[in-house]
Amino acid sequence: MAKERLYLFDTTLRDGAQTNGVDFTLADKLTIAAMLDGLGIDYVEGGYPGANPTDTQLFSEDRKLRTTFTAFGMVRRPGRSTSNDPGLADLLNAKADAICFVAKSWDYHVRVALNTTLEENLTAIKESVRAAKAKGREVLLDCEHFFDGYKANREYALACAKAAYDEGARWVVLCDTNGGTLPHEVEDIVREVIKHIPGDHVGIHAHNDTEQAVANSLAAVRAGARQIQGTLNGLGERCGNANLVSIIPTLKLKPEFSERFDIDVSEAQLKALKHASHALDEMLNRAPNRHAPYVGESAFATKAGIHASAIMKEPATYEHVAPEAIGNKRRLLVSEQSGKSNVLAELDRIGLKVDKDDPRIARLLDELKEREAIGYAYEAADASFELLARRVLGTVPKFFDVTYFDVKVEQRTRNGQGSASVNEMLTTAVVKVKIGNDTLISAAEGNGPVNALDVALRKDLGKYQKYIEGLKLTDYRVRILNAGTEAVTRVLIESEDETGEHWATVGVSPNIIDASFQALMDSIVYKLVKDNAPA
Ligand SMILES: [Zn+2]
């Protein structure tokens, strides 16, 4: 039997942009739109032309995307004609493939918020859909507060949806704007709606106020809806929108959905999902949620020894899907509590063949325990663990030595305009590296001591330079362990290379520069080991 097509609609750039603390630039929006396009998302809603300069500019030219690039805006205002509404004109003139209108569908809101009659609201919907169709656009209607409206006045909510569908809107989208509707209610109501509008013209737009936006989206699909609206990482105001990063793998990997439905996301695109999720976090300067389903660092991590030994034998025993399908990986956490089996499993995963009775395993465990006691956190630093393991097992080549470094931070005061004086911070670092018989000296300026040290260290690594060209630091986190004068600093660095691989390294010291230096060194050495650089 042929599978039915399900459509994905991403609103990260419109509804997601309502998130507290999120402010996309035009360049951000273009990058994210390209990323969503690359993932195989059917519709990308870019924003609200006319509402702000960024969105107006975004829709001022054809962005040449494969996806159906969609502009969002309100239906014409009550009491105006479609030819005399500047907001609607901006929307109709936007360079977009589709227009997604939003309209009230709750009678109470029509009367109180819109201050107009129920009939005039229906006319506004019809005329707006007609005007956009006349412009050659595909048309969607977001029915705001649909579920609350349906409970209050079923006939009227349905009439709003029908008005758009009858005028030729491709999709009528049922919005749970307040996010308070529960999955069984969504399922019941969508089932009723599709008696009036065919399911392959019905969409769901769920908010996460009861942490069920994903469940509500899936419930709507079960009931017959065929378009799902959501955002990357569930971005969105208040508690967020339905998280497409959780929905997509569920649709692709869970037989109830994968056997019935096709989405335009291929297996290869699914493998890029974790990367896309993390790339968005990086752009927003947020640490990725380690516990995010499917894509989090901990989504396939196991700590307890007994589970680890079972996972080694048969991964499916403790995993609901294969981590590789989403571009994630299995992690067996190596920590103070970890047993020998975790360490063995982790060694196996990184490709180090060691007999389980090898005495070096006990040495490695002791070393781990000692280091964790003084603050190292190997659970969060897979690459530093791998290097430590390789060192104890005797297989890390001596690539280079840093024989000297010097970091200087200066504050200079100079006279600014008028009588004001301006303080400037200047940071420089000098690093001496010995490679074989050569000594290389590099100096660099940076926007802080760690940055200057990093730049100087990576400026000239002689014959290793070509290996680290594509290396970049993607996250730098500092934590002070035990308060007071005895405090030590733990630095965690995340790195990425030209292949998109991520790894994390750790350094611990009473001195933040030293801790950062250790983590930086581990990151570089890990990259050389990974690429089989010659000793
Ligand atoms: Zn919304």
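Just so you know, these numbers use all the heavy atoms, side chains as well, and skip hydrogens, waters and symmetry mates. Counting convention: from 1, in listed order, for ligands and their atoms alike.
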Is it the case that the side chains of E138 and Y43 hold a donor-acceptor pair, with the cut-off being a distance below 3.5 Å and no angle test?
yes
What protein atoms of element N, O or S are positioned under 2.8 Å from the Zn ion (ligand 1)?
D15 OD2, H205 NE2, H207 NE2
Cationic tip of R14 within the cone over F72's six-membered ring, i.e. under 6.0 Å and within 45° of the normal?
yes
Ignoring hydrogens and angles, state whether a donor on the side chain of Y476 or S516 is under 3.5 Å from an acceptor on the partner side chain.
yes
For residues 203-222, pull every pair meeting ring-ring contact (aromatic ring centres under 6.0 Å, His included), keeping only residues two or more places apart or in separate chains.
H205-H207
Consider only side-chain N and O atoms of T117 and E120, and report whether a donor and an acceptor are under 3.5 Å apart.
no
Measure from NZ or CZ of R5 to the centre of the six-membered ring of Y7, then state whether that distance is under 6.0 Å and the direction lies within 45° of the axis.
yes
